[in-house]
Amino acid sequence: MSTPYQFDHNAHCAPLQETYAHLSDGEESGVVVKVAGRVMLMRTQGKLAFATMRDLTGEIQLFAMSAITAEFEEFAKLHLGDWVGVTGEVVRTKRGELSVKVASWERLAEALHNFGDKWAGITDYDLRYRHREADLWANATTRTSLTRRSEVLRSARERCWAANFVEVETPMLNAIPTGAAARPFSTHHNALDSQFFLRIAPELWLKRLVVGGFERVFELGRVFRNEGVSPRHNPEFTMLELYAAYWNYEDMMSFTEELVAGIAMDVLGTTEVTYQGREFSFAAPWPRRTMASLASEAVGEEVSVHTPREHLAKLLSDRGVEVHASWGAGRCLSELFEVTCEENLWNPMFVIDFPVEVSPLSRRRADDPELTERFESYAAGRELSNGFSELIDPVDQRARFEEQARLAAAGDDEAMQIDEDYIKALEWGLPPTAGLGLGMDRLAMLIADESNIREVIAFPTLKPLRD
RNA sequence: GCGCCGGUAGCUCAAUUGGCAGAGCAUUUGACUCUUAAUCAACAGGUUCCGGGUUCAAGUCCCGGCCGGCGCACCA
């Protein structure tokens, strides 16, 4: 059966429901519209048929009568899920349901599979994730969560544009995977006969653009990390990274809290959110606490990056953490913070002043060179963003990279590699600059009130089926 | 990668101690001029994820594999 190549629809369900809310039972509007969508339910009754049709915006009933509907018998045999285009008058039935009284109709496409049980929908995770197109019709929460994600991305972009950040794109195929501590995916370019890695962060490229004179840049894009899959981790995820010349990390924290609160405002109309049954507020300002003070509070004694390394190591092993020989006091303090504090940080908060040992791209604090001007924001027990005053000194940067290379040699497969091109870029002069990386999937989870990252990713990474 | 749990009709789910593999919806056929998950009647629908094993008998017990959920690890 051939189907049309085109259909001129001129109305959507939800606006019709609104426009004709005043029609009383049995009243006819006299207005003919053309609507299109999928048949979700069908109730036939002899020479009448009632279908529930859904489009992007909502649902409306299609009211067919053998007396006035062309090809009535065929209409009554439509399958659940079939796409139809319908021309008819907007009426309200005697029983009060706003309807399009079908004069003529066309089947635009046939659905060979249904969209699950018409009451329970589709619940099987495997089916939902592998065939999101069906899940989207079967489950309203899938539609709202993915829509929220889209709105979060739109809001973030518009707010960056409004703050005079220029949107740029940097390479995803990188000869050296760098800018974060993570294991990369590798691939091969045939014509160049070269190994490439999918980027784990766009950070160094973006700072090179600042060297080049773009004072404010941002990139909203995918990064790839070859690590575990969990309800909070997808191998490819979306990060907003931005850099502002002449700012320090204090400026960037202010921008971050305003940005996130603004996104919540744009998408939800409020900064007060309920996540998994617990409330919190995105409203700025967010508290700023040093890592050392939070860790001290948690362990019940004063600790800092200057606490003897062996004492920090003991506090860690007391808590069941295996301490590696290569860890210095800074790494130990950072680990101590993570095991004692991280998951308790429910309300949005900035954790600041990270040890230089775990921050190879951050600028040292002027008053304490063992610490950096670095922050991470936390909400609902999860890291949401990471930012710092950028290290602009090429000599110090080379020393940091060399330290990373030593860690790599000692078996740390997430340590960074030395990037000579980046050091050369710094030698041309990076002005004082602050940067931010914000995990957009995590933010979308908070906004959409989803506990699994896959619910805010249309097609999450799954193991291919094989046999 | 490790641990726990799960996989039964297209979808949602049953199946007692190891004892004939079932229901609702969808599909097919029929009835019905105001239905709302319409209703009523009937037909059909199965490699119980895959492969071995134990047993008179396996959806159920054992071993291996595949895929998924959750937790841990890694990480954002």
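Numbers restart at 1 for each chain; the letters A, B, ... are given by sequence-line order, proteins then strands.
Taking atom C1' on both C40(B) and C25(B), the two are 16 Å apart, rounded to the nearest angstrom. Rounded to whole Å, the C1' atom of A38(B) lies 50 Å from the corresponding atom of A76(B). Look at the P atom in both A41(B) and A23(B): the space between them is 14 Å, to the nearest Å. The same atom, P, is picked in C70(B) and in G30(B); the two are 46 Å apart, to the nearest Å. Atom name C1', nucleotides A15(B) and U60(B): the rounded distance is 10 Å, in whole Å. A gap of 11 Å separates the P atoms of G64(B) and C4(B), to the nearest Å. G19(B) and C43(B): their C1' atoms are spaced 30 Å apart (whole Å). With P as the reference atom, G69(B) and A26(B) are 30 Å apart, rounded to whole Å.
The existence of a salt bridge linking Arg199(A) and Glu236(A) is excluded, since no basic side-chain nitrogen approaches an acidic carboxylate oxygen closer than 4.0 Å.
Atoms CZ (Arg232(A)) and C1' (C74(B)) sit 13 Å apart, rounded to a whole Å. Rounded to whole Å, the distance from CD1 on Ile453(A) to P on G71(B) is 13 Å. Atom-to-atom, OH of Tyr125(A) to P of C11(B) comes out at 17 Å; the value is rounded to the nearest Å. The interatomic distance linking Arg183(A) (CZ) with G1(B) (C1') rounds to 10 Å, in whole Å. Spacing between atom CD of Glu227(A) and atom C1' of C72(B) amounts to 16 Å, rounded to whole angstrom units. Distance, Asp126(A) CG to C5(B) C1': 15 Å, rounded to whole Å. Between the P atom of U33(B) and the CZ atom of Phe50(A) lies a distance of 11 Å, rounded to the nearest Å.
Both thresholds, 5.5 Å between centres and 30° between ring planes, are met by Phe237(A) relative to the base of A76(B), so the two rings are stacked. An aromatic stack links Trp119(A) and the base of A37(B), using centre distance under 5.5 Å and interplanar angle under 30°.
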Which side-chain N or O atoms in residues 38-50 of chain A pair as donor and acceptor under 3.5 Å with protein atoms at least two apart or in another chain?
{"unit_1": "Arg38(A)", "atom_1": "NH1", "unit_2": "Gly81(A)", "atom_2": "O", "d": "2.7"}
{"unit_1": "Arg43(A)", "atom_1": "NH1", "unit_2": "Thr52(A)", "atom_2": "OG1", "d": "3.3"}
{"unit_1": "Arg43(A)", "atom_1": "NH2", "unit_2": "Thr52(A)", "atom_2": "OG1", "d": "3.4"}
{"unit_1": "Arg43(A)", "atom_1": "NH2", "unit_2": "Gln61(A)", "atom_2": "OE1", "d": "2.8"}

Side-chain donor/acceptor pairs under 3.5 Å, residues 110-120 of chain A, sequence neighbours excluded:
{"unit_1": "Asn114(A)", "atom_1": "OD1", "unit_2": "Gly116(A)", "atom_2": "N", "d": "3.0"}
{"unit_1": "Asp117(A)", "atom_1": "OD1", "unit_2": "Trp119(A)", "atom_2": "N", "d": "2.9"}
{"unit_1": "Asp117(A)", "atom_1": "OD1", "unit_2": "Ala120(A)", "atom_2": "N", "d": "2.9"}

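Within the 4.0 angstrom heavy-atom criterion, base atoms lie near Gly46(A). Heavy atoms of Lys47(A) sit under 4.0 angstrom from at least one base atom. Contacts of Thr93(A) with the nucleic acid, taken as non-hydrogen atoms under 4.0 Å apart, include base atoms.
Of all nucleotides present, none satisfies the Watson-Crick or G-U wobble test against A26(B) with each distance under 3.5 Å. Nucleotide G68(B) forms a Watson-Crick or G-U wobble pair with C5(B), both donor-acceptor distances falling under 3.5 Å. A37(B): no Watson-Crick or G-U partner with both key distances under 3.5 Å is found in any strand. The base-pairing partner of C61(B), taking Watson-Crick or G-U wobble contacts with both distances under 3.5 Å, is G53(B).
Sorted by first then second residue, the salt bridge (charged side-chain N to carboxylate O under 4.0 Å, His left out) pairs that include residues 71-91 of chain A, not counting sequence neighbours, are Asp82(A)-Arg107(A).
A donor-acceptor contact closer than 3.5 angstrom is absent between the side chains of Arg92(A) and Ser99(A).
A donor and an acceptor atom sit less than 3.5 Å apart, one in the side chain of Asp117(A) and one in the base of G24(B). If you check distances only, the side chain of Gln45(A) never reaches the base of U33(B) with a donor-acceptor pair under 3.5 Å.
For Trp286(A), the ring-ring contact (aromatic ring centres under 6.0 Å, His included) criterion is met by Phe350(A), not counting sequence neighbours. Every residue was checked against the ring-ring contact (aromatic ring centres under 6.0 Å, His included) condition with Phe354(A), not counting sequence neighbours, and none meets it.
Nearest-nucleotide positions on RNA chain B for Asn452(A) and Arg92(A) put Arg92(A) closer to the 5' end. Both Arg442(A) and Asp124(A) sit near RNA chain B, but only Asp124(A) has its closest nucleotide nearer the 5' end.
Comparing atom distances between the Arg225(A) side chain and each of G68(B), A76(B), U36(B) picks out A76(B) as nearest. Which of A76(B), A26(B), G68(B) sits closest to the side chain of Lys118(A) comes down to A26(B). When each of A38(B), U33(B), G69(B) is scored by its nearest atom to the side-chain atoms of Tyr129(A), the top-ranked nucleotide is G69(B).
Using a 4.0 Å cut-off on heavy atoms, the residues of residues 75-91 of chain A that approach RNA chain B are His79(A), Leu80(A), listed by number.
Ser334(A) places no side-chain N or O within donor-acceptor distance of the main-chain N or O of Gly330(A), the cut-off being under 3.5 Å.
Of the options Leu16(A), Val102(A), Asp55(A), Val90(A), a side chain to side chain contact (heavy atoms under 4.5 Å, CB included) to Val35(A) is made by Leu16(A) and by none of the others.
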